[in-house]
**Student:** 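Provided herewith is a single structure, encoded as structure tokens, for subsequent inquiry.
Keep in mind that this is a model prediction, so the values were computed, not measured.
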Amino acid sequence: MAPRIATSAADAVAEITDGSTVLIGGFGNAGQPMELIDALMECGATDLTVVNNNAGQADAGLALLIKERRVKKIICSFPRQSDSWHFDTAYRAGEIELELVPQGNLAERIRAAGAGIGWFFTPTGYGTLLAEGKETRIIDGKGYVLETPIHADFALIKALKADTLGNLVYRKTARNFGPIMATAAKAAIVQVDEVVQAGSIDPENVITPGIFVDTVVELGGEK
């Protein structure tokens with residue numbers, strides 16, 4: 001089934017409701033779906049659980065959701081940097097919950113959700129505070145920690161181009177978490193620079209097949 005082609009960013013995120021778990025693509029600003037996040041701000045959804053590599057930067061995108069206290073919990077691998085002041089303020093005030101996940105574990109937990117994997121063992125985090133309360137095992141003489149998949153209600157993703165069947169291509173490192181997030185969410189919402197006709201994208205270049213994409217909105221790109 002072809003994805004819904006939304007008329008605007010606001011239309012694309014209209015189904016996101018209070019209490020949703022939302023995967024948001026991006027490695028810092030690279031690949032972060034800024035327009036979809038802005039639309040999410042406008043739609044009013046709150047008490048969100050957000051999964052992202054970072055915890056927002058400066059005064060744009062995810063940082064504004066945190067500033068307005070719309071995020072009750074964030075699951076990320078890199079919450080603090082020089083311009084993460086909105087997260088710092090919220091966290092120190094006890095107004096946001098943080099689940100810190102090593103970056104490789106974060107990617108694999110999202111991928112596992114999309115692949116239908118119930119759990120997996122990883123050596124990352126073994127013997128540290130991050131392993132507290134989790135099952136551990138010694139396998140072939142090495143310590144491992146049991147990790148579970150991260151499922152979500154929605155994924156907000158930025159891609160370079162989509163066709164009318166929802167097949168996606170990305171721009172270089174802006175790809176980052178996009179492909180695995182599309183598979184791990186019940187509904188993947190994607191902003192693209194342009195939508196082209198089916199067959200216009202070489203099948204060998206498709207990164208995310210359209211079967212994983214539910215909504216596409218064409219927002220243009222930098223000229």
Side-chain angles (χ1 to χ4, degrees), residues 9-10 12-13 16-111 113 122 124-125 128-134 145 147-158 173-182 184-185 188-191:
V13 304
I16 300 180
T17 56
D18 294 355
S20 296
T21 297
V22 185
L23 302 166
I24 299 181
F27 192 93
N29 289 331
Q32 191 173 162
M34 294 293 193
E35 289 81 0
L36 290 180
I37 297 172
D38 289 345
L40 183 58
M41 278 283 295
E42 295 298 320
C43 86
T46 190
D47 289 327
L48 301 172
T49 296
V50 169
V51 184
N52 184 259
N53 185 66
N54 300 69
Q57 294 174 266
D59 293 297
L62 175 57
L64 291 182
L65 279 177
I66 294 173
K67 177 185 178 182
E68 298 301 320
R69 303 299 190 266
R70 305 277 284 281
V71 181
K72 70 174 182 180
K73 178 179 180 179
I74 187 160
I75 303 171
C76 70
S77 64
F78 195 71
R80 297 200 65 220
Q81 54 197 55
S82 61
D83 57 355
S84 61
W85 46 73
H86 292 307
F87 169 77
D88 288 356
T89 300
Y91 185 75
R92 293 178 189 279
E95 295 172 340
I96 188 171
E97 180 183 350
L98 168 66
E99 181 178 340
L100 186 64
V101 183
Q103 193 170 87
N105 288 4
L106 182 68
E108 186 63 8
R109 289 179 66 188
I110 297 169
R111 191 198 70 81
T122 173
T124 305
T128 73
L129 291 175
L130 297 178
E132 285 191 355
K134 298 180 179 180
V145 182
E147 294 287 356
T148 55
I150 298 175
H151 297 275
D153 301 301
F154 300 93
L156 302 184
I157 298 166
K158 181 177 182 179
T173 58
R175 177 193 308 187
N176 51 72
F177 290 89
I180 57 174
M181 286 185 170
I189 303 167
V190 186
Q191 71 171 74

**Student:** How close do A12 and I189 get, heavy atom to heavy atom, and via which atoms?
**Tutor:**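 It is O-CD1, 3.4 Å.
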
**Student:** On a heavy-atom basis, which atom in A39 and which in A10 lie closest, and how many Å separate them?
**Tutor:**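 Scanning both residues, the minimum pair turns out to be CB-N, 3.7 Å.
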
**Student:** Nearest heavy-atom pair of G31 and N176: which atoms, and what distance?
**Tutor:**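 Residues G31 and N176, closest heavy atoms: CA-ND2, 4.2 Å.
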
**Student:** Using a 3.5 Å distance criterion without hydrogens, assess whether the side chain of E99 forms a donor-acceptor pair with backbone atoms of K73.
**Tutor:**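 Absent.
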
**Student:** Side chains of L130 and P102: does their closest heavy-atom pair fall under 4.5 Å?
**Tutor:**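 In short, these two side chains touch, coming nearer than 4.5 Å.
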
**Student:** Any chance you could lay out the side-chain contact (heavy atoms from CB on, under 4.5 Å) test for I74 and F87, step after step, and finish with the verdict?
**Tutor:** CA-CA 10 Å; I74 187 160; F87 169 77; 3.9 Å; yes

**Student:** Would you check, one step at a time, whether the test side-chain contact (heavy atoms from CB on, under 4.5 Å) holds for I37 with L65?
**Tutor:** CA-CA 8 Å; I37 297 172; L65 279 177; 3.8 Å; yes

**Student:** State, yes or no, whether a side-chain contact exists between M181 and I110 at a heavy-atom distance under 4.5 Å.
**Tutor:**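 Side-chain contact under 4.5 Å: yes.
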
**Student:** Answer yes or no: is there a donor N or O on one side and an acceptor on the other, between the side chain of R80 and the main chain of F78, under 3.5 Å?
**Tutor:**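 No; judged by distance alone, with no hydrogens or angles, the pair does not exist.
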
**Student:** Return the minimal non-hydrogen interatomic distance between A184 and A113, and the atom names on each side.
**Tutor:**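 Heavy atoms only, the tightest pair is CB-CB, 3.8 Å.
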
**Student:** In Å and rounded to the nearest 0.5 Å, what is the CE to CD distance from M34 to Q191?
**Tutor:**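 The CD atom of Q191 is 9.5 Å from CE of M34, to the nearest 0.5 Å.
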
**Student:** To check you understand the geometry: which heavy-atom pair defines the closest contact between C76 and L98, and what is its length?
**Tutor:**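 So the two residues come closest at SG-CD1, 3.9 Å.
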
**Student:** How far apart are the C-alpha atoms of D18 and T46, what are their side-chain angles, what is the distance that settles it, and do they pass the side-chain hydrogen bond (donor to acceptor under 3.5 Å, both in side chains) test?
**Tutor:** CA-CA 5 Å; D18 294 355; T46 190; 5.7 Å; no

**Student:** Between N52 and I24, is there a donor-acceptor pair closer than 3.5 Å when you use the side chain of the first and the backbone of the second?
**Tutor:**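 At least one qualifying donor-acceptor pair exists.
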
**Student:** So E108 and E147, do their side chains get closer than 4.5 Å, heavy atoms only?
**Tutor:**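 SC-SC contact between E147 and E108 ruled out.
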
**Student:** Donor-acceptor pair, T122 side chain versus T124 backbone, under 3.5 Å?
**Tutor:**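 Pair found, side chain donor or acceptor close to backbone of T124.
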
**Student:** Using the rule given for side-chain contact (heavy atoms from CB on, under 4.5 Å), can you reason through L40 versus L48, listing the C-alpha separation, both sets of side-chain angles and the distance that settles it, and then say yes or no?
**Tutor:** CA-CA 11 Å; L40 183 58; L48 301 172; 3.9 Å; yes

**Student:** Could you state the interatomic distance from NZ (K67) to CG (D59), rounded to the nearest 0.5 Å?
**Tutor:**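 If I round to the nearest 0.5 Å, the distance is 5.5 Å.
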
**Student:** Measure the CD-CG distance between Q103 and N54 for me, rounded to the nearest 0.5 Å.
**Tutor:**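 The CD atom of Q103 sits 8.5 Å away from the CG atom of N54.
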
**Student:** Would you compute the distance between atom CG of L100 and atom OG1 of T128 and round it to the nearest 0.5 angstrom?
**Tutor:**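 Rounded to the nearest 0.5 Å, the CG-OG1 separation comes out at 9.0 Å.
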
**Student:** Are side-chain heavy atoms of L62 and H86 found at a separation under 4.5 Å?
**Tutor:**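 No, their side chains stay 4.5 Å or more apart.
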
**Student:** Report yes if some heavy atom in the side chain of I150 is under 4.5 Å from a heavy atom in the side chain of L106; otherwise report no.
**Tutor:**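 I150 reaches L106 side chain to side chain.
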
**Student:** Please give me the minimum heavy-atom distance between A185 and F154, naming the atom from each residue.
**Tutor:**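 That closest heavy-atom pairing would be CB-C, 3.6 Å.
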
**Student:** Say you draw a straight line from CD1 of I66 to CG of D88; how long is it, rounded to the nearest 0.5 Å?
**Tutor:**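 Reported value, rounded in 0.5 Å steps: 9.5 Å.
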
**Student:** So, taking the atom named CG in N53 and the one named CD1 in I75, what distance separates them when rounded to the nearest 0.5 Å?
**Tutor:**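 Here the rounded value is 13.0 Å.
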
**Student:** Applying side-chain contact (heavy atoms from CB on, under 4.5 Å) to I16 and L156, what does each step give before you reach the verdict?
**Tutor:** CA-CA 10 Å; I16 300 180; L156 302 184; 4.0 Å; yes

**Student:** Using atom types as modelled and distance alone, determine if a side-chain donor or acceptor of Q32 lies under 3.5 Å from a backbone N or O of G28.
**Tutor:**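 Looks like yes, one N/O pair under 3.5 Å.
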
